[in-house]
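In what follows, a single structure is set out as structure tokens and then discussed.
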Amino acid sequence: MRPLEGKTVVVTRPAHSATQFVEALTSLGAVVDLLPVTSIAPPDDVAPFVDAVKGLDGFDWVVLTSVNAVDALLRVLQESAVPLAVLQSRKIAAIGPATAAVLRENECPPDVVPQEYVGEGLIRALPDLAGKRVLLPQADNARPFLREALQEGGAVLTCVDAYSTKTADFDIPRGPAPEYLTLTSGTGAKTVLDAARKACRDDWLNDTVAVCIGPVTAQAAVEAGAKRVEVASDHTTVGLVAKIKELEASHARV
């Protein structure tokens with residue numbers, strides 16, 4: 001019997017970025033309910049991002065905190081006719097292995113990838129950036145930690161919105177609550193748990209295990225009312241799968 005046989009796992013990532021995650025879960029026997037609760041779009045005002053990309057050769061470092069940020073940067077590079085070699089010649093920091101993998105696939109291997117895949121880990125992994133010109137393209141609703149920490153460290157920082165996270169059109173599924181709800185961002189956690197409450201589905205808050213990609217997402221889930229919150233040790237979708245397997249193996253659900 002496969003380790004997740006018959007267990008319902010809700011995946012809240014946008015469909016375009018969830019393929020491998022869903023395949024990993026289904027291969028273990030899980031019944032996957034794909035419920036994208038957010039979508040990715042260009043920022044409301046793209047001009048500052050475009051201007052920063054056109055002036056990319058003036059930066060010493062580019063700090064990238066998500067696959068979405070990499071995708072947006074590569075797209076604007078192409079649209080603005082800025083050679084990829086300009087990005088390749090900058091120092092690049094990636095927040096985690098998924099972001100680093102996309103950079104490597106595009107021949108832009110990062111110089112820094114932290115051991116802990118959160119903003120705090122990235123700041124610890126970076127060298128002294130005092131006086132260095134740093135570009136930080138991120139989501140329009142990104143938490144301010146990285147921006148503030150880089151500025152406090154003396155970096156000459158340009159922080160721009162690279163993409164916007166929008167609430168998708170979705171409904172909480174009918175039927176029994178899922179065993180597991182996977183959450184990969186604080187925005188997604190708040191969005192889906194608020195929707196469950198509005199739909200009078202307190203079983204999603206009380207009975208379902210919210211398995212979170214990292215501590216920031218977990219905090220958002222707790223604040224949104226989730227009662228059973230777990231955090232992946234490895235802050236990736238691979239870590240989410242491993243955490244669910246661990247919970248099943250240890251009979252953590254009662």
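As a basis for the values below, the full set of heavy atoms in this structure was taken, side chains included, without hydrogen atoms, waters or symmetry mates.
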Point to revise | Arg13 side chain vs Ala18 backbone, donor-acceptor pair below 3.5 Å | key: no

Point to revise | side-chain contact (heavy atoms from CB on, under 4.5 Å) evaluation trace for Leu84 with Leu74 | key: CA-CA 8 Å; Leu84 185 64; Leu74 293 173; 3.9 Å; yes

Point to revise | Audit row: Val241, Leu25, side-chain contact (heavy atoms from CB on, under 4.5 Å) steps and yes/no | key: CA-CA 7 Å; Val241 174; Leu25 290 165; 4.0 Å; yes

Review point. How long is the gap from CG on Asn141 to OG on Ser185, to the nearest 0.5 Å?
Key: 8.0 Å

Review point. Would Phe49 end up clustered with Ile92 when hydrophobic side chains under 4.5 Å apart are linked, directly or stepwise?
Key: yes

Check your understanding: Has the side chain of Arg201 got a donor or acceptor atom that lies under 3.5 Å from a matching backbone atom of Ala195?
Key -> no

**Study point:** Flag side-chain contact, heavy atom, 4.5 Å: Gln138 against Cys159
**Key:** yes

Check your understanding: Do Pro127 and Leu129 have side-chain heavy atoms sitting under 4.5 Å apart?
Key -> yes

Practice item. Could you check if a side-chain atom of Phe145 sits within less than 4.5 angstrom of a side-chain atom of Ile123, using non-hydrogen atoms only? Key: yes

Review point. Would you say Leu28 and Ile244 make side-chain contact, with heavy atoms under 4.5 Å?
Key: no

Check your understanding: Can you list the steps and then say if Leu4 with Thr26 is a side-chain contact (heavy atoms from CB on, under 4.5 Å)?
Key -> CA-CA 8 Å; Leu4 302 183; Thr26 54; over 6 Å; no

Exercise for review: Could you tell me whether the side chain of Thr99 reaches within less than 4.5 Å of the side chain of Thr65, counting heavy atoms only?
Suggested key: no

Exercise for review: Treating Ile, Leu, Val, Met, Phe, Trp and Tyr as nodes and any side-chain heavy-atom pair under 4.5 angstrom as an edge, say whether Val67 and Val76 lie in one connected cluster.
Suggested key: yes

Study note, to complete from the structure: Shortest non-hydrogen pair, Pro114 vs Gly121, comes out as CB-O, 3.4 Å

Exercise for review: Would you indicate whether Gln20, at its atom CD, is surrounded by more than 12 heavy atoms from other residues, nucleotides or ligands within a distance under 6.0 Å?
Suggested key: no

Check your understanding: Roughly how far, to the nearest 0.5 Å, is the CG atom of Leu146 from the CD1 atom of Ile95?
Key -> 6.0 Å

Exercise for review: Could you pull out the closest heavy-atom pair between Trp204 and Ala196, with the gap in Å?
Suggested key: CB-CB, 3.9 Å

Exercise for review: Using the rule that two of Ile, Leu, Val, Met, Phe, Trp, Tyr join whenever any of their side-chain heavy atoms come within less than 4.5 Å, decide whether Val86 and Trp61 are in one cluster.
Suggested key: no

Point to revise | Leu157 CG to Glu148 CD distance, which is reported to the nearest 0.5 Å | key: 11.0 Å

Practice item. Please answer whether the main-chain N or O of Gly225 pairs with a side-chain N or O of Lys227 as donor and acceptor at a distance below 3.5 Å. Key: yes

Check your understanding: Between Glu116 and Arg124, is a side-chain contact (heavy atoms from CB on, under 4.5 Å) present by the stated rule, with each step listed?
Key -> CA-CA 9 Å; Glu116 186 182 5; Arg124 287 191 288 270; 2.5 Å; yes

Point to revise | Heavy-atom neighbours of Gln78 CD exceed 12 at 6.0 Å | key: no

**Study point:** Sub-4.5 Å side-chain heavy-atom contact between Leu56 and Val62
**Key:** yes

Review point. Can we say Glu5 and Arg2 salt-bridge, meaning some charged N sits less than 4.0 Å from an Asp/Glu carboxylate O?
Key: yes

Check your understanding: Linking I/L/V/M/F/W/Y whenever their side-chain heavy atoms sit closer than 4.5 Å, directly or via other members, would Val113 and Val63 fall into one cluster?
Key -> no

**Study point:** Minimum heavy-atom distance between Gly188 and Thr38, given as atom pair plus value
**Key:** CA-CG2, 4.2 Å

Check your understanding: Among Thr167, Leu183, Thr12, Val11, which one satisfies side chain to side chain contact (heavy atoms under 4.5 Å, CB included) with Val37?
Key -> Thr12

Practice item. May I ask you to decide if Cys108's main-chain N or O and Gln88's side chain share a donor-acceptor pair within less than 3.5 Å? Key: no

Review point. For Lys190, does the NZ atom sit with more than 12 other heavy atoms under 6.0 Å from it, leaving out its own atoms?
Key: no

Check your understanding: Looking at Asp44 and Lys166, what are the two nearest heavy atoms and their distance?
Key -> OD1-NZ, 3.3 Å

Check your understanding: Should Val82 and Leu73 be counted in the same cluster of Ile, Leu, Val, Met, Phe, Trp and Tyr side chains packed under 4.5 Å apart?
Key -> yes

Exercise for review: May I have the step-by-step check of salt bridge (charged side-chain N to carboxylate O under 4.0 Å, His left out) for Lys54 and Asp51, ending in yes or no?
Suggested key: CA-CA 5 Å; Lys54 288 180 176 179; Asp51 289 344; 5.4 Å; no

Review point. Say you draw a straight line from CZ of Phe21 to OG1 of Thr236; how long is it, rounded to the nearest 0.5 Å?
Key: 9.0 Å

Review point. Just by distance, do the side chain of Ser80 and the backbone of Leu77 share a donor-acceptor pair under 3.5 Å?
Key: no

Point to revise | Within-4.5 Å side-chain heavy-atom neighbours: Val156 and Phe59 | key: no

**Study point:** Atom pair CG/CG of Asp71 and Leu64 - distance to nearest 0.5 Å
**Key:** 10.5 Å

Point to revise | Main-chain N/O of Leu205 paired with Thr208 side-chain donor or acceptor, under 3.5 Å | key: no

**Study point:** Non-hydrogen atoms of Glu230 and Val209 that approach each other most closely
**Key:** CG-CG1, 3.7 Å

Exercise for review: Compare all side-chain heavy atoms of Tyr180 with those of Glu248 and state whether any distance is below 4.5 angstrom.
Suggested key: yes

Point to revise | Expected output: side-chain Arg147 to main-chain Leu136 donor-acceptor under 3.5 Å | key: no

Check your understanding: Is the backbone N or O of Asp140 less than 3.5 Å from a side-chain atom of Ser164, with the two atoms forming a donor-acceptor pair by type?
Key -> no

Check your understanding: When rounded to the nearest 0.5 angstrom, what distance separates CG in Asp57 from CG in Leu87?
Key -> 11.5 Å

Revision key, fill the gap. Nearest heavy-atom approach of Thr217 to Cys212 is CG2-CB, 4.0 Å

